[in-house]
2 protein chains.
Amino acid sequence: MATRLSDVAARAGVSVKTVSNVINDYPHITARTREKVEAAIAALGYRPNVSARSLRKGRSDFIALAIPEMGSPYFAELGAEISRAAKRRGITVLIDQTEGEPAAEQLVLDGMRGQLIDGIIFSPLATAPANLTSADTGKPLVLLGERPAGGQFDRVAVDSVQASYDATTHLVSLGRRRIAAIGVGGTSTGAVRRKGYRKALKAAGLTHDPALELAGTGYHRPDGAASMRELLALPEPPDAVFCFNDLLALGALRTLADAGLRVPEDVAVVGFDDIEDGRYHSPTLTTISPDKEWLADNAVALLLDRIAGNNDDTHRDLTVPYTLEIRESTAG
Amino acid sequence: MATRLSDVAARAGVSVKTVSNVINDYPHITARTREKVEAAIAALGYRPNVSARSLRKGRSDFIALAIPEMGSPYFAELGAEISRAAKRRGITVLIDQTEGEPAAEQLVLDGMRGQLIDGIIFSPLATAPANLTSADTGKPLVLLGERPAGGQFDRVAVDSVQASYDATTHLVSLGRRRIAAIGVGGTSTGAVRRKGYRKALKAAGLTHDPALELAGTGYHRPDGAASMRELLALPEPPDAVFCFNDLLALGALRTLADAGLRVPEDVAVVGFDDIEDGRYHSPTLTTISPDKEWLADNAVALLLDRIAGNNDDTHRDLTVPYTLEIRESTAG
DNA sequence: CTGAAAGCGCTTACAG
DNA sequence: CTGAAAGCGCTTACAG
């Protein structure tokens, strides 16, 4: 039915081994032999069977990317970059949507893929560090995000404390004094970014007001919109808001527009992620812009290095470069 | 090294066949045997090797989704829905980013996946119908989008002519008379949506003005922004714009904001896709909203039906339900 | 229900 | 360079 290696060999008049050598770019093939084999491959439309290859070699050249949701712009953009970075290296990426559910994340770690993948890039949301430690994937794993890896795994992440410090300090430098934060709850992202936020307030001689720190229930536009409504209902509303991601900021901007408030005159807004929406929103959104291409490229490179067998015990922790992009939402 | 089926069999004190039967939910297993086997699986942490299974069965329970780019909101949202729909049925989705490049699309069709996948859901951009016809994937294929399938393949798509007619007619009903269109160029999407646009103008007794039909170079925000700038530079600028997707519309809104024009008072804007950004933009975006979950579920169901062996010759063409969501960009 | 065996399509020592 | 053969881990007739 499907053409096999042996069919190609027969047609080219060479051994199976030689065809395999050609396909895998092994040395010691004369140009003439290579030509013959390639002609036979083309004539038969032969494609190697990856299941068979993977079964035999124990390597598939597939890696998994496990993210909470691919419909969310930050993860969509990141997934696109990681796919590209992998493709450049001849690797295919399988994307797992965990929806942030512990069970789904555990499935990923348990090797749900049935030994098909060679390694995994994992952006955890629900899984606690303790569980991560016990996760015996048996495959190399690179962590994304602020969740501390406990020195167990390689990790690639923005220095969120410093970035949040910068974002908040920017608002301080504008003369704002009642600076709120949206997204402090739940995840470790919230905790880490709040740390930088508070640090900046302290450095500016401001005390943080618990009433201005909103947790919300998630990191999406509706959560930002709802949190902003709470802030506006305060006896003394804020004159600036640092949202812990752009989606929250976009939701907050929507609430401010509905309330007829001017941005940045009445309330200045800063986000985090630099997703494309923020660059076209009215007003355009000031934000922390991590270098996503750098992130993707280094995460893939790190993983492939481990897959290739580099197992030294010094687990690497890479810090993603970022910039603060000042746009209309803070600079009228 | 890795535990195998035979290890489980040995530990459970049963035959390899019995373990396989349990794993694959075959009948005629006593509860007691099943328990023993499941205990052994749990104790050993056994996971079936999908490469071996796929090699033997000729089926992997993997399908591919080939889209131009996963970083683009519409495709990101659609990909998320398709992943979910597939997961519900025990199927895993591999996502291929073609970047709309002919070579990449051809690779997909040539079965680059090396017979790993059971079928493919394909959203073509560059590949012409003629090439599609000749594509001998050897696997079931479901087409997405307006590109006519020529009766060759199953297809799931919005009735873009009708939807564009509705969008344009909505602008007419607002009393607008100089209604521009952005995105008429290049792709078959542009051609089809222009058809509906012109039809609506004609039905309203308006003639279409070539100066108001902008092709642009793509379907992203910058393209929409640039096209809108061209329209504003016209001696007689439009009083409404139908953008052939939301990204174009969001770019156009940005240009209008920069120009100090009011939406919808000066210019009304309609998009197509209903991506989440449009629901939070200021102003919120009126748009054609296809039922993405319906689309995803039916595309997956159609493909799995073919994979299961339904090969009747009546190729199916499913029409995705949609609504016109009227928001601030047309209803002040 | 069980057990022994073949075979899916590769890669890889092995002997030449 | 070639050729013959083993084996990756499954599933599946086959005989019982």
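Numbered from 1 within each chain, the chains take letters A, B, ... in sequence-line order.
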Asks: Round to the nearest Å and state the distance from N49(B) atom CG to dC10(C) atom P.
Replies: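 Distance check: N49(B) CG to dC10(C) P gives 16 Å.
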Asks: From CZ of R53(A) over to P of dT11(C), roughly how many Å is that when rounded to an integer?
Replies: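 To the nearest whole Å, that distance equals 5 Å.
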Asks: K17(B) has a side chain; which of dA13(D), dG9(D), dC10(C) sits nearest to it?
Replies: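 The closest nucleotide is dA13(D).
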Asks: Salt bridge or not between K292(A) and E81(A)? Use side-chain N to carboxylate O under 4.0 Å.
Replies: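 No, this pair does not count.
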Asks: Hey, could you give me the CG/CG distance between D291(B) and N298(B), rounded to the nearest 0.5 Å?
Replies: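 Rounded to the nearest 0.5 Å, the CG-CG separation comes to 9.0 Å.
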Asks: Do the side-chain N or O atoms of S20(A) get closer than 4.0 angstrom to the phosphate oxygens (OP1, OP2) of dC10(C)?
Replies: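 Checking dC10(C) against S20(A), no side-chain N or O comes under 4.0 Å of OP1 or OP2.
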Asks: Can you tell me how far C1' of dG9(C) sits from OH of Y46(A), to the nearest Å?
Replies: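 From Y46(A) OH to dG9(C) C1': 7 Å.
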Asks: Is it true that R89(A) and D61(A) have a side-chain N and a carboxylate O under 4.0 angstrom from each other?
Replies: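 So R89(A) does not pair with D61(A) through a salt bridge.
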Asks: Looking for any heavy atom pair under 4.0 Å, which part of the strands does T33(B) touch: base, sugar-phosphate only, or nothing?
Replies: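 The answer is sugar-phosphate, as T33(B) gets under 4.0 Å only of primed atoms, P, OP1 or OP2.
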Asks: Is the shortest side-chain N to carboxylate O distance from R84(A) to E99(B) below 4.0 Å?
Replies: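 A salt bridge is present here (some side-chain N lies under 4.0 Å from a carboxylate O).
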Asks: Output the single nucleotide from dC8(C), dT11(D), dT11(C) whose closest atom is nearest the side chain of L5(A).
Replies: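 The answer is dT11(C), which lies nearest to the side chain.
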Asks: Taking the minimum atom-to-atom distance to the side chain of S15(B), which one of dG3(C), dT11(D), dT11(C) wins?
Replies: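 In terms of side-chain proximity for S15(B), the closest of dG3(C), dT11(D), dT11(C) is dG3(C).
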Asks: Which whole-number value in Å describes the distance from N21(A) CG to dC1(D) C1'?
Replies: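 Checked: the CG to C1' distance equals 9 Å.
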Asks: What's the CZ-P distance between R56(B) and dC10(D), to the nearest Å?
Replies: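 In whole Å, dC10(D) P lies 13 Å from R56(B) CZ.
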Asks: Grab the CZ-P distance between R59(A) and dT11(C) for me, whole Å please.
Replies: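 From R59(A) CZ to dT11(C) P: 13 Å.
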Asks: Paired with dC1(D) by Watson-Crick or G-U wobble geometry, both distances under 3.5 Å: which nucleotide is it?
Replies: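 Paired with dG16(C).
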Asks: Measuring only the C1' atom in each nucleotide, how far is dG16(D) from dT12(D)? A whole number of Å is fine.
Replies: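 Looking at atom C1' only, dG16(D) and dT12(D) are 16 Å apart.
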Asks: For a quick check of understanding: with a heavy-atom distance under 4.0 Å over all strands, which category does T30(A) fall into, base, sugar-phosphate or nothing?
Replies: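 Sugar-phosphate: the residue T30(A), judged by heavy atoms under 4.0 Å, touches backbone atoms but no base.
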Asks: Looking at dT11(C), I'd like to know if its phosphate oxygens (OP1 or OP2) sit under 4.0 Å from a side-chain N or O belonging to N24(A).
Replies: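 Yes, within the criterion.
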Asks: Taking 4.0 angstrom as the limit, do R306(B) and D154(B) come out as a salt bridge?
Replies: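 Yes, charged N to carboxylate O under 4.0 Å.
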Asks: Starting at CD1 of I23(B) and ending at P of dG9(D), how long is that distance when rounded to a whole Å?
Replies: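 Distance check: I23(B) CD1 to dG9(D) P gives 14 Å.
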Asks: The side chain of K57(A) lies closest to which of these nucleotides: dT11(C), dC8(C), dT11(D)?
Replies: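 Comparing dT11(C), dC8(C), dT11(D) against the side chain of K57(A), the answer is dT11(C).
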Asks: Rounded to whole angstrom units, what separation is found between the CG atom of L55(A) and the P atom of dA6(D)?
Replies: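 In whole Å, dA6(D) P lies 17 Å from L55(A) CG.
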